[in-house]
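Quick one: the structure is below, and I'll ask about it shortly.
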Amino acid sequence: MKKRNFIFLGLLILILAAIGGVMMVIGRGHTVYFDNKSLDYEGKTYDAPYKVEIYLGDNADGDAIARLYDNERGSATQIGQKITITLIVTQEKGGDEGEPTVYTIDLPYSMDGPVINLPAYLAGLPEEAYLSEFIPVVTEEPDEEITDDDLGLGDDMGLGDF
């Protein structure tokens, strides 16, 4: 009887571990950032197009998730290890919009907020050039100095001099 319980318990643990592993891969949510910024890579400059419209999915129907002009960043939330986007690129101001083009990008599991540099990606550069991780910058506010005179209460308390 005891051996049978251990077998069922072991089987249950294996099943739960397998479900957890599958859910970790297919259910991982990413906030994906898109940069439309010029990039220098191996001595060559890749200029940002004037405007890039980004649509989630394999068509340009519906609302764009981002319309990025030069030096702008947009974002989208994606569940899974791949993101499919449709891009419409306008190279210069007043120029013709390009044809909608569909791209499927693999998202690394190890990154929480992947940043995709669109000019580098569109130029066909390797992943190390167009992909980086978003790291938020924390700014600290300076501490307000408290003096012995007002104990941090300020002079406008109406207490006057004692």
Hey, could you give me each pair passing salt bridge (Lys or Arg N to Asp or Glu O under 4.0 Å) that has a residue in residues 87-98? Not counting sequence neighbours.
Lys51-Glu97

Kindly indicate, with the supporting measurements, whether the criterion side chain to side chain contact (heavy atoms under 4.5 Å, CB included) is fulfilled by Leu118 and Ile54.
CA-CA 10 Å; Leu118 292 174; Ile54 305 170; 3.8 Å; yes

Positive for ring pair (Phe, Tyr, Trp, His ring centres under 6.0 Å) with Tyr121, one of Tyr103, Phe34, Tyr46
Tyr103

Side-chain contact test, heavy atoms from C-beta onward, threshold under 4.5 Å: evaluate it for Leu125 versus Leu39 and give yes or no.
yes

I need the minimum non-hydrogen distance between Ser38 and Ala48, along with the two atoms involved.
OG-N, 3.3 Å

Does any part of the side chain of Thr86, heavy atoms only, come nearer than 4.5 Å to the side chain of Asp61, both counted from C-beta?
no

Side chain to side chain donor-acceptor pair (under 3.5 Å) against Asp70, all qualifying residues, sequence neighbours excluded
none

Do Leu56 and Ile85 come within less than 4.5 Å of each other through their side chains, counting heavy atoms only?
yes

Apply side chain to side chain contact (heavy atoms under 4.5 Å, CB included) to the pair Leu87 and Leu122, showing each step before the final yes or no.
CA-CA 10 Å; Leu87 300 179; Leu122 294 173; 3.8 Å; yes

So, do Leu131 and Ile116 sit near enough that their side-chain heavy atoms are less than 4.5 Å apart?
yes

Sorted by chain and residue number, the side-chain contact (heavy atoms from CB on, under 4.5 Å) partners of Glu128 (sequence neighbours excluded) come out as Tyr41, Pro126

Taking the side chain as C-beta and beyond, is there a heavy-atom pair between Asp47 and Pro119 under 4.5 Å?
no

